[in-house]
Structure formats: C-alpha cells, structure tokens
Student: 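Shown below is the structure under consideration.
Just follow the structure's listing: the first ligand is 1, and inside any ligand the first atom is 1.
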Amino acid sequence: MASAIVVGAGVFGCSIADRLAGDGWTVTLVDQFDPDDERASSGGESRLLRCSHGGAEWYTDSAWRARELWRELDRSLLVDCGVAWFARRQDGWEAASERVLRARGIPVERLDIDGLGIFPSFSGDDLAFVLLEPAAGVLRARAATRALAGRALERGARFVRARARPDAERVALEDGRRLEADRIVWACGAWLGRLFPGLVELRATRQEVLLFRSPRQGWRTPPVPAWADYEGAFYGLGDLDGDGVKVASDAEGPEIDPDGELPARSTDLEQRTRDYMARRFPALAGTPLAHAATCRYELTPDAEFVIAEHPEAHRVWLVGGGSGHGFKHGPALAEHVVALLRGECKAEPRFGLRPRISGNAMRAAGRIDWPRATPPSAQLG
Ligand SMILES: Cc1cc2nc3c(=O)[nH]c(=O)nc-3n(C[C@H](O)[C@H](O)[C@H](O)COP(=O)(O)OP(=O)(O)OC[C@H]3O[C@@H](n4cnc5c(N)ncnc54)[C@H](O)[C@@H]3O)c2cc1C
C-alpha cells in the first residue's frame with residue numbers, strides 16, 4: 001500500500017489527506033495547529049464558492065467539480081444562495097466569465113439593474129449589468145475543513161500535531177523525529193515560501209473581514225445572494241447563521257510575518273467599507289459593526305496556485321498559493337493532486353515553480369502590485 005505524509009491541515013492539506021485515505025493510501029497528516037485554527041488561511045466561518053473566473057477555464061471546471069464534491073461530503077456545507085457579480089463594463093471580466101459558464105452549461109443569468117430585487121437595498125447606477133450564478137453559494141468554511149479532516153481520519157489517516165520542516169525527502173518534526181513516505185505533500189499555506197525559499201514566491205498579507213449587525217428585515221442569506229464587485233475590490237454576503245452581514249475588501253493588506261500574531265484590524269478599512277456600503281447598499285449605511293476578524297492571504301504574484309513536484313526531491317510535492325480564492329477548490333484540487341501523485345496526469349505548467357508575472361485575474365477582486373517576476377532558483381529546503 002502506498003504511503004503519504006501531508007504537512008498542512010488547511011483546506012488543501014485536509015482535502016488531499018482525505019482523498020488519499022479514501023483511495024487506500026496510508027496517510028499521516030501533520031500540522032502545527034488543529035485543522036480549523038484561525039491562524040491558517042482556511043480559518044473563519046464562510047467562503048464564497050463561485051465558478052466565474054474570467055476566461056480561466058481550468059478554475060471554472062475545478063470550482064464546478066468541487067461544488068459536486070462538497071455536496072457529496074455533506075449537503076449542509078454549501079449554502080445555495082447564488083453569487084451576484086457587479087459588472088462595471090459590458091465587455092469586462094464578468095462577460096468573459098459568462099461566456100465560459102455558458103459554454104460549460106453552468107447556470108448563469110444576466111440581470112437588469114432596474115428593479116433588481118435580490119438585495120433589500122441596492123444602488124447600481126454605475127453598473128453595466130449584474131451577472132448571477134444561481135448555482136454558486138457560500139461554504140460554511142470552518143465546518144467544511146473539520147468535515148474533511150474528520151473523514152480523512154475515519155478513512156484511516158493519522159493526525160500528528162507538530163511543527164515540521166523539510167529534510168530532503170523526509171519530514172523533520174520539532175521533537176527530532178523523521179517521517180518518511182512514498183510521497184510527501186507540503187501544503188503549508190502562508191508558510192510555504194519560507195519552507196522552500198527560492199522555489200516558491202509567496203507573500204502573506206493581513207486581510208480583514210467585517211460583519212455588520214443585521215438589519216431587522218431582509219438581509220438573511222439565503223435568500224440574499226453572496227456578491228462580488230470585481231473592479232471595486234469588495235465582496236460579501238447577507239447574514240448567514242446569525243453572524244451578521246459580511247462586507248470584506250479583497251484589496252491586498254500589508255505584508256505580514258506568517259509566524260507573527262495576526263495584527264489588529266485598521267479603522268481606515270472600516271471607513272472605506274462603510275463608504276462602499278453607503279454607495280452600494282444604502283440601507284446598510286450606519287449599521288453597527290457586530291464583529292471584525294483579521295486573517296492571512298498567501299499570494300502568488302499572479303494569483304495562480306502552486307502545484308509542483310520539487311525539482312530535486314521527486315517524491316516531494318508543493319501545493320499552495322490559494323491567493324485569496326483557493327478554499328472552494330479544495331476537494332477538486334485534491335483529485336488533481338492525487339492523480340499527479342499516481343502519475344496519471346501531467347503537471348499543469350501554470351502551477352509550476354516558474355517566474356510569475358504579476359496579475360490578479362483569478363481573484364474575486366482587488367489589485368496585485370508586484371512589478372517584477374523573480375526567477376526561482378532551485379534549492380532543496
Ligand atoms: C479573509 C479571507 C477570505 C477568503 N475568501 C475566500 C472565498 O470567498 N473563497 C475562496 O475560495 N477562498 C477564499 N479565501 C482563500 C482561502 O481561504 C485560502 O486560499 C485557503 O484556505 C488556503 O488553504 P491552505 O490549506 O493552502 O492554507 P492554510 O489554511 O493556511 O493551511 C496551511 C496549514 O499548514 C500548516 N503549516 C504551515 N507550516 C507548517 C509547518 N512548518 N509545520 C506544520 N504545519 C505547518 C499551518 O498551520 C496551516 O494549518 C479567503 C481567504 C481569506 C484569508
């Protein structure tokens with residue numbers, strides 16, 4: 001029976017461990033924290049699942065497949081509320097997304113701004129149209145990561161809570177133990193770049209999530225859809241499970257140390273968020289803040305994932321770079337990774353350890369300002 005060690009119990013690592021264990025591998029899942037820890041990028045209550053990715057078909061297909069796999073895992077994890085995109089141009093990213101969705105047969109509708117009834121309060125006079133993905137929705141993120149980890153353990157995986165570092169083709173644990181397996185997957189989120197310096201170009205940034213007290217009527221999700229304003233760099237959803245109305249910025253926050261404590265939130269972003277709410281959802285202007293949290297993005301320069309074999313250690317694979325949009329893909333990404341580990345498909349060059357040109361097309365919104373492409377120099381961490 002083949003064996004694997006997966007380091008990192010965020011959504012990527014848990015999905016991979018679960019899929020490998022389901023396929024009969026002997027799996028050891030290692031993490032410095034528990035699988036639903038707030039310090040991991042996968043921490044927190046909700047994540048959007050959308051299939052729109054501009055013209056990037058791979059991600060559209062992956063999100064659609066992941067939707068099926070999430071529903072198979074536990075039907076209650078995905079909230080079927082739809083995702084609405086606020087398109088500022090007729091021929092922009094949303095129109096490109098719509099073409100791909102229609103070609104794939106994934107449900108999509110163009111809605112008129114006039115009389116738009118899906119939000120209790122809405123102002124869209126700056127928009128060309130609203131694109132609705134009715135089959136998209138919101139994942140209950142904490143429960144989803146726990147469910148994956150739980151099923152991996154039920155399927156026979158072993159969880160080791162420890163900090164690890166690469167030691168050629170082995171995993172060195174902080175207590176001095178060395179673990180070996182046929183395949184080792186490092187799925188270490190914001191820490192991946194530091195574990196493999198010179199190979200993986202990643203930046204950890206502080207991101208903030210704001211939840212506002214839900215007005216007495218009309219803002220529950222569902223039926224209120226999740227939404228994203230690609231060119232405005234904001235996204236959110238209504239009140240899900242009584243947590244409050246979520247409005248978050250996808251613009252990059254300041255760079256942070258993955259090993260440091262998560263820094264406190266900024267009052268400046270709250271004001272910018274309130275300005276956006278007053279503009280887009282006038283009835284929410286002045287709504288009191290219910291809860292605020294900070295968390296980490298792990299950004300590659302081009303917002304594309306990293307899924308690559310180590311150039312000098314052939315049983316070692318590096319997986320990460322979720323770049324603020326990875327969560328939804330977890331189980332589908334795991335299917336792809338396991339096929340790679342089995343040698344059943346070829347690695348996608350777009351996910352390779354290659355110089356990357358800055359770009360943000362894959363994210364829901366925001367801007368990545370990395371002017372240079374740094375050539376990676378192979379180095380065994
Ligand atoms: C605020 C916010 C909103 C987001 N919104 C969305 C969204 O709406 N939709 C969406 O699809 N995605 C979204 N994302 C992105 C998504 O959550 C991430 O891309 C995804 O969770 C990354 O998962 P991961 O498993 O790669 O990393 P992580 O969840 O960070 O997991 C990595 C794990 O590796 C462990 N680890 C690291 N180094 C070591 C070590 N040396 N030894 C042992 N363990 C180690 C860590 O402890 C951690 O548990 C959002 C992210 C944030 C922060």
Student: Knowing that exactly one of R206, R194, R39 qualifies, which makes a salt bridge (charged side-chain N to carboxylate O under 4.0 Å, His left out) with D257?
Tutor: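 Going through R206, R194, R39 one by one, the salt bridge (charged side-chain N to carboxylate O under 4.0 Å, His left out) with D257 is satisfied by R194 alone.
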
Student: With clusters built from Ile, Leu, Val, Met, Phe, Trp and Tyr whose side-chain heavy atoms come within less than 4.5 Å, directly or transitively, what are the remaining members of the cluster of I256, listed by chain and number?
Tutor: L262

Student: Can you confirm whether or not the ring centre of F305 sits under 6.0 Å from the ring centre of H329?
Tutor: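 When the ring centroids of F305 and H329 are compared, they turn out to be within the sub-6.0 Å range.
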
Student: Will you find, in the side chains of R279 and S123, an N or O donor that is under 3.5 Å from an N or O acceptor?
Tutor: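 Per modelled atom types, R279 and S123 side chains form a pair under 3.5 Å.
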
Student: Below 3.5 Å only, please: the N or O atoms of ligand 1 paired with protein N or O atoms, distance on each line.
Tutor:
| from | atom 1 | to | atom 2 | distance (Å) |
| --- | --- | --- | --- | --- |
| ligand 1 | 8 (O) | L48 | N | 2.7 |
| ligand 1 | 9 (N) | L48 | O | 2.9 |
| ligand 1 | 11 (O) | H325 | O | 3.2 |
| ligand 1 | 11 (O) | F327 | N | 3.1 |
| ligand 1 | 11 (O) | K328 | N | 2.9 |
| ligand 1 | 11 (O) | K328 | NZ | 2.8 |
| ligand 1 | 12 (N) | G326 | N | 3.4 |
| ligand 1 | 12 (N) | F327 | N | 3.1 |
| ligand 1 | 14 (N) | G324 | O | 3.4 |
| ligand 1 | 17 (O) | S41 | O | 3.3 |
| ligand 1 | 17 (O) | R47 | NE | 2.9 |
| ligand 1 | 19 (O) | E298 | OE2 | 3.3 |
| ligand 1 | 19 (O) | G326 | N | 3.2 |
| ligand 1 | 21 (O) | S42 | N | 3.3 |
| ligand 1 | 21 (O) | S42 | OG | 2.8 |
| ligand 1 | 23 (O) | S42 | OG | 3.2 |
| ligand 1 | 25 (O) | V11 | N | 3.2 |
| ligand 1 | 25 (O) | F12 | N | 3.1 |
| ligand 1 | 29 (O) | S41 | N | 3.3 |
| ligand 1 | 29 (O) | S42 | N | 2.9 |
| ligand 1 | 29 (O) | S42 | OG | 2.5 |
| ligand 1 | 30 (O) | S41 | N | 2.8 |
| ligand 1 | 41 (N) | A164 | O | 2.7 |
| ligand 1 | 42 (N) | A164 | N | 2.9 |
| ligand 1 | 44 (N) | Q32 | N | 3.2 |
| ligand 1 | 47 (O) | D31 | OD1 | 2.7 |
| ligand 1 | 47 (O) | Q32 | NE2 | 2.9 |
| ligand 1 | 49 (O) | D31 | OD1 | 3.3 |
| ligand 1 | 49 (O) | D31 | OD2 | 2.6 |

Student: Could you check whether the rings of W93 and Y230 sit parallel, tilted or perpendicular, using 30° and 60° as the cut-offs?
Tutor: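 Ring orientation, 0 to 90° scale: parallel.
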
Student: Only one of F129, F122, Y276, F234 forms a ring pair (Phe, Tyr, Trp, His ring centres under 6.0 Å) with F86, so which one is it?
Tutor: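 When ring pair (Phe, Tyr, Trp, His ring centres under 6.0 Å) is applied between F86 and each of F129, F122, Y276, F234, only F122 qualifies.
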
